Amino acid sequence: MSEKIIRLRAAAPSEEHVFKIKYADLLNPEQLAAVTHRDGPILVVAGAGSGKTRTLIYRVARLIESGVPPGSILLLTFTRRAATEMLRRAEEIVGDRAGKVAGGTFHSFANTVLRRMGSMIELAPNYTILDRSDSEDVINLIRTRMGLGSRERRFPKKGTVAEAISMARNKRQTLEVEIEADFPHLFEHLSEIMELARQYEDYKRERGLLDYDDLLYRLAELLEQHERARRRMSDTYRYIMIDEYQDTNLIQADLVRLLGAEHRNVMAVGDDAQSIYSFRGANFRNIMDFPALFPGAKVVKLEENYRSTQGILDLANDVLSRARDKYTKTLFTKRAGEFRPILVRAPDEHMQSRFVAQRILELREEGADLNEIAVLFRSSFHSFDLELELQRRGIPFIKRGGFKFIEAAHIKDVLAHLRVIANPADAVSWLRVLAIIKGIGPRTAGPAADAIATSRDPAGALAQLGTSARGGSQSGLKRLGAMLAELRRPGIRPADQIAVVLEYYAPLMREAYADDHPRRERDLEHFQNLSERYRSLEQMLADMALEPPTDSLAGVLAADPDDECVTLSTIHSAKGLEWKAVFIIWAADGRFPGPQSIDEGSLEEERRLMYVASTRARDELYLSYPIYMFDRNFGHTMGRASRFIEDVPIELLPTATLAEEEDAAD
DNA sequence: TACAAGTAAGTTTTT
DNA sequence: CTTACTTGTA
């Protein structure tokens, strides 16, 4: 006869006294609801400036305080910067425990997992990550090999083909559907492009290459096909948070579904009105569909804005109110202030630049920190004239977005040498490495690169090539072989490897870029400095592909990063950031929206972009455009205000015109 | 066959 | 400014 057992349950530590942080005092009721939510799916729809980041940070703190091990929290963000910044702020609240939280972009997370578990799906752990231009190089190579693009029938450019292929994958569509919908002008080449895409896939698989899309696809493949991997992931990461959910695409949503399937502890945070990445396959409907992905998801809305003054919000709301898809959100604030944004009509581009520079100097006089000022624009080249003007007046700035340091040909050259060390099967990098040598052109380099990459003994294959090669290339190949041997020295640090490459590459570069090699040499020095942080070559290469230094080339040279400086940024790169004073330049039809955004779908996205731009400002917002615009196609034309602000009532957006100062006594 | 030099045309946003 | 393609030269 067994005795009956009565089990005692531990008292639920439900009350707030367990927590050191007084959440209720620090957060509004909606934020609090999101922060104190513990288990199960939750969607936080957070308007611009509504304390979204704050909410995420306190949720991390709260989970940690509740006894959740920091290592079992995964924070997926749009950039690594965003993740590190959030975790830094969480550390200020709960101490360095927060540093153990796993965080990064979808791509970097996928990379970490695939390096560790990729062998389960026949993926060698030393794969190389192809950035966009690498992919284009591969596509170009295959195109030439297929004999496409003869004189009679022009073939689309590699960039366009790469874009179509990537877009199809990001939207989970067949190439055929994608091309028909978004690239109708490529339709006549459909069958060739499809064959090219097939060969591109094979090429990557055979040579251990992964492009950005592969990182996501192969992680999904791993999780879908291997119960064990899926279990391990969801055991490791019990709590998942995703920031900027409106800019995820279907594969990313799939990854979230797979990662959260076991425990369903998933928090998605985003704002449908700020969806600006559809060109990357993002779909703002994703955020609406979150409750369908995780039925029973709690939904919290944050609508109170803590960032901007009412005048700025009035303009932002007005821009959004004309959107085709009506959003229910209307931002409001309790912040007092009479400031109204102003639309400045400049006679020409240079006057616009002078206005911005002058106003920046005035703001500094008024006591503003230069770090609190930003100039935003639709396309990276819109700031060229302003950059010159700022330089002329000695106003320090950094530029974000646009052409990146890492994309410069000479940096890519140096990286290619390191990449063939990390992954000898990386034929794209071999191609680059070989083509640098004098006497070797594309005709020779192509097959040679493939021979080396697929060889069991790449170093031997290279040496053999050196002896059989004709003419002048022999000595070059010999030098390359010797240099690579030195790179393979066991225990060598990445920074020293770069030093070895530079010694070899510098003379070659001086010849190849005779006109401007001093500038490029400074870049290489900068690169060498960057590399000092790394202890593993693999990590450095992955970082360079996934989270390259965000400063563009111009910015690196223009300012010491420690100094106070104005930020120039594309609107895309300004996402999630805020400044005291913001200028939006080139707010002109034909630039913003640009000439390629004439269809209704992309116009809607451009409008959201204007919304994002204007909600970056806390206290002051200036929009401007030049009246006389020079256009390559139309010559000089009269500029008009961007259609997104054209109909804004003048009370919400007063205008001003620039005039030269009268010549007073000097 | 490799490559320099010259011409013509296209140019968003990013992991 | 970059890239793609042509032409001329070694």
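Here is the naming used below: chain letters follow the sequence lines, and residue numbers restart at 1 for every chain. Worth saying up front: this structure is predicted, and the values here are computed from it rather than measured.
For the pair A:R607 and A:Y611, the cation does not sit on the ring face, since its NZ or CZ is not both under 6.0 Å from the ring centre and inside 45° of the axis.
Taking 4.0 Å as the cut-off between side-chain N and carboxylate O, A:R280 and A:E163 do not count as a salt-bridged pair.
Checking the phosphate oxygens (OP1, OP2) of B:dT14, a side-chain nitrogen or oxygen of A:S573 falls inside 4.0 Å. For the pair A:T570 and B:dT14, the criterion of a side-chain N or O lying under 4.0 Å from OP1 or OP2 is met.
Taking the side chain of A:K157 as heavy atoms from C-beta on, and the options C:dA4, B:dT15, B:dT13, the nearest nucleotide is C:dA4. The side chain of A:R378 sits closest to B:dT12 out of B:dT12, B:dT14, B:dT15. If you check B:dT1, B:dT15, B:dT14 against the side chain of A:H572, the one that comes closest is B:dT14. The side chain of A:H107 lies closest to B:dT15 when the candidates are B:dT15, B:dT12, B:dT14.
Under the side-chain hydrogen bond (donor to acceptor under 3.5 Å, both in side chains) criterion, A:S380 pairs with A:K399, not counting sequence neighbours.
Both key distances under 3.5 Å define a Watson-Crick or G-U pair, and stretches of 3 or more such consecutive pairs in DNA chain B run B:1-10 with C:1-10.
Between the side chains of A:N170 and A:S166, at least one donor N or O lies within less than 3.5 Å of an accepting N or O.
Rounded to whole Å, the distance from CG on A:L255 to C1' on B:dT15 is 13 Å.
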